[in-house]
Structure formats: C-alpha cells, structure tokens
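To start, the structure under review is shown below, and the notes come after it.
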Amino acid sequence: MKLLRFPVLSIAALCCGCMSFHTAPVVTRGQMRTAQECAGQNRKFREITVEWKQRIFKTASQNTALTPEEKKLPPVPVSPKDRQWLLETVEKKFAAAGLYDRETGTDELHIVAISYNRWDYSSLSTGFLIDTGWMFILPASIPTVHYMHFAMKHDGKISEFTKSAKVKTCFHLLLLPLYPFMPPGRSESSALKAITDSAALTILTETPDRKECFSKRFRPPQTEITEVEPKPAALPEPEESAPDSETGTTSETEPAPAQSDTQQPSADADGEYGVQVMPE
C-alpha cells in the first residue's frame, strides 16, 4: 500500500484543477473618458519606473520550520520578464489616459508593487498539495494580495498613494475542466491591470475641482493622495588617500557621486518564482 500511495497522489495532483477570482476596483470606459474631460490639461509623466517584489507562498508546516531570521527576510524580486510586463502595462494604460509622454512629460512616477502569497507550481507540489488535508474532497484555496504604491515627483515635491487587489485561487479535483478557461495567471494580470486603471483615474481626479466635475456622473475615487517630504541623498564620506611614496604628499580624490535612494530590482533575479502573467 505504501508503494501505491505516492503514484496515486501524483496522478491526483496532475488531475487537480484550479480557478481564480480577483477583487479589484473596476474602471469603465465612461469613467475614464469623463475623468479626462474634467482633467483637461493634466500632468504627464516622462519617466515611469517599476519595482515588483513578492513573498512566496508557504504552508503552515513550512513556516513552522523557518527560523525567526528566515521569517523576517524581505520579499524577493520577481523575474525580469514579469517586471517588464508590468512596466509595459503601466506605460500603455497611462499613455491611453493621457498621463504618459516621454517627449512632453515633465513628472516622474515610481511604482513599487509587492505581492504576498504569490505561488508557483513547484511550490504546490512540494508543500500545498502535500500539507493540505482532504483537498480532493473539500476545496482548498490560496489568497494572494497585490499592493502597488505610486510615488509622483514634480518640481521636487512627492505625492503618493497606494492601491491593492486580492486574488483567490481555488483548487479542487472537479475544477479540472475549467482550468483552461480560468488559469491563475490571467486573473493575476487582470487584477494588476485593474489597479493601474484605478490609479490613473485617481490621478486624473486628484484636485477638488476635478472631483466635483467627475461626481456629476460617477462616484469619485476615495483614495487620498498625500504629499511627503523628499529624502535628502546622503553624501558618502571621502576616503583618505595614501601618501605618495616619492613626494610624501597625499593626492586628493573626488568623492563618489551620491547614490539614488530608489533601488531598482536586480537584473539577474531568479525567474523560477511566481505565476506567469498572461495577457487577456
């Protein structure tokens, strides 16, 4: 019986299906068109940068085995392919909303996206499918939360706000026929696109007069845009140069330029994590 148990579990895992649902703000074309009309001459970004990190899903037993130091590890960057997809999505949607133009834009936009409980198929086979009891009798699910923080820079001033969305993926043996029509990657991409549309609508209606104009037809966004003080860049201390062996004098060296406080994701980030995003 022990020899037959593992092949049976493997076959059952391959036959298990899943489907995803996402909860994100919905922006219609009418809302976007009305917001553009109320905005008139709006700010435009000439540069958009995206940083996307994730915390990989782990079951309760896997978290129990972690040390306190391992539990405090920060989220890791997503694969370069996923980050590039999100950057192109934001640029495309903001350009369609009249908020992005490399030639005429003046502002800068930095986006930090963090995904919690983002999973991949290898983590399911090594943890979730093994640790979740009665999964093939009762459905099981994984909730994934996406946060996107938008920081806008204009004339030395920084304004910021945050949007979020939740994706719930249900697993059950009976969901196998629905998997090709509702894969988890498509639901994730839809949630991130919805966050981007909602952020564009918030920027278009950020001033009180625009909100009043927009409220004549639709309910304005409730997200508040707050202004923060920019952090001054810390200059590194110059290194003491060694004395010249012949003249005995010290040669002065210019201090290194200050590094930007905005960290870009690693270019060689491991791409084995995360659900591959899919276009709709």
Side-chain angles (χ1 to χ4, degrees), residues 24-25 27 32 35 39 41-55 74-116 118 145-165 188-189 191-207 210 221-236 256-269 271 273-274 277:
V27 178
M32 190 65 68
Q41 295 294 330
N42 195 63
R43 72 162 83 207
K44 289 187 177 181
F45 301 103
R46 64 175 176 84
E47 182 181 0
I48 297 178
T49 57
V50 171
E51 183 180 359
W52 188 4
K53 297 182 179 181
Q54 62 186 352
R55 190 178 294 278
V76 297
V78 301
S79 65
K81 184 178 181 180
D82 285 356
R83 190 194 68 86
Q84 183 64 26
W85 173 87
L86 183 58
L87 174 61
E88 293 176 356
T89 299
V90 173
E91 290 179 346
K92 180 180 178 180
K93 288 189 171 293
F94 272 61
L99 295 173
Y100 174 62
D101 194 324
R102 292 183 179 180
E103 297 181 357
T104 62
T106 57
D107 298 359
E108 298 179 6
L109 175 65
H110 181 60
I111 302 174
V112 178
I114 301 181
S115 301
Y116 295 92
R118 197 165 184 252
V145 183
H146 301 280
Y147 291 94
M148 292 182 67
H149 181 80
F150 298 83
M152 303 173 291
K153 185 177 182 181
H154 175 70
D155 292 339
K157 299 180 180 179
I158 298 179
S159 303
E160 60 183 17
F161 62 96
T162 302
K163 296 283 186 178
S164 64
E188 176 179 272
S189 61
L192 295 173
K193 289 179 181 179
I195 296 178
T196 305
D197 287 334
S198 180
L201 184 65
T202 299
I203 297 173
L204 289 173
T205 59
E206 62 178 328
T207 59
R210 294 175 184 175
Q222 302 300 314
T223 304
E224 295 184 0
I225 301 179
T226 58
E227 292 189 2
V228 297
E229 295 292 334
K231 296 180 180 180
L235 294 176
Q259 295 182 351
S260 174
D261 56 355
T262 302
Q263 296 182 354
Q264 297 296 333
S266 176
D268 56 349
Y273 299 113
V277 292

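Numbering of residues begins at 1 and proceeds along the displayed sequence.
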Between [atom1] of [X] and [atom2] of [Y], what distance do you get to the nearest 0.5 Å?
X      : Y      : atom1 : atom2 : value
Phe161 : Ile203 : CZ    : CD1   : 4.0 Å
Lys193 : Ser198 : NZ    : OG    : 16.0 Å
Arg43  : Tyr100 : CZ    : OH    : 16.0 Å
Thr104 : Phe45  : OG1   : CZ    : 12.5 Å
Leu99  : Glu91  : CG    : CD    : 13.0 Å
His110 : Glu51  : NE2   : CD    : 5.0 Å

Would you say [X] and [Y] make side-chain contact, with heavy atoms under 4.5 Å?
X      : Y      : value
Glu88  : Lys92  : no
Pro75  : Gln54  : no
His149 : Ile114 : no
Arg118 : Asp82  : yes

For [X], check salt bridge (Lys or Arg N to Asp or Glu O under 4.0 Å) against everything at least two apart and list the hits.
X      : answer
Arg210 : none
Glu108 : Arg46
Lys153 : none

Minimum heavy-atom distance [X]-[Y], with the two atoms named:
X      : Y      : answer
Thr205 : Ala35  : CG2-CB, 4.0 Å
Glu227 : Ser159 : CG-OG, 3.6 Å
Ser115 : His146 : OG-ND1, 2.6 Å
Met32  : Ala97  : SD-CB, 4.1 Å
Val90  : Ile111 : CG1-CD1, 3.6 Å

| task | Under the side-chain hydrogen bond (donor to acceptor under 3.5 Å, both in side chains) rule, collect the residues that match up with Thr202, sequence neighbours excluded. | result | Lys163
| request: Sequence neighbours left out, what passes side-chain hydrogen bond (donor to acceptor under 3.5 Å, both in side chains) with Thr106? Give chain and number order. | output: none
| query | Passes side chain to side chain contact (heavy atoms under 4.5 Å, CB included), Phe94 versus Thr196? Steps please. | reply | CA-CA 8 Å; Phe94 272 61; Thr196 305; 3.6 Å; yes
| Residues forming a side chain to side chain contact (heavy atoms under 4.5 Å, CB included) with Ala113, sequence neighbours excluded | Trp52, Leu86, Met148
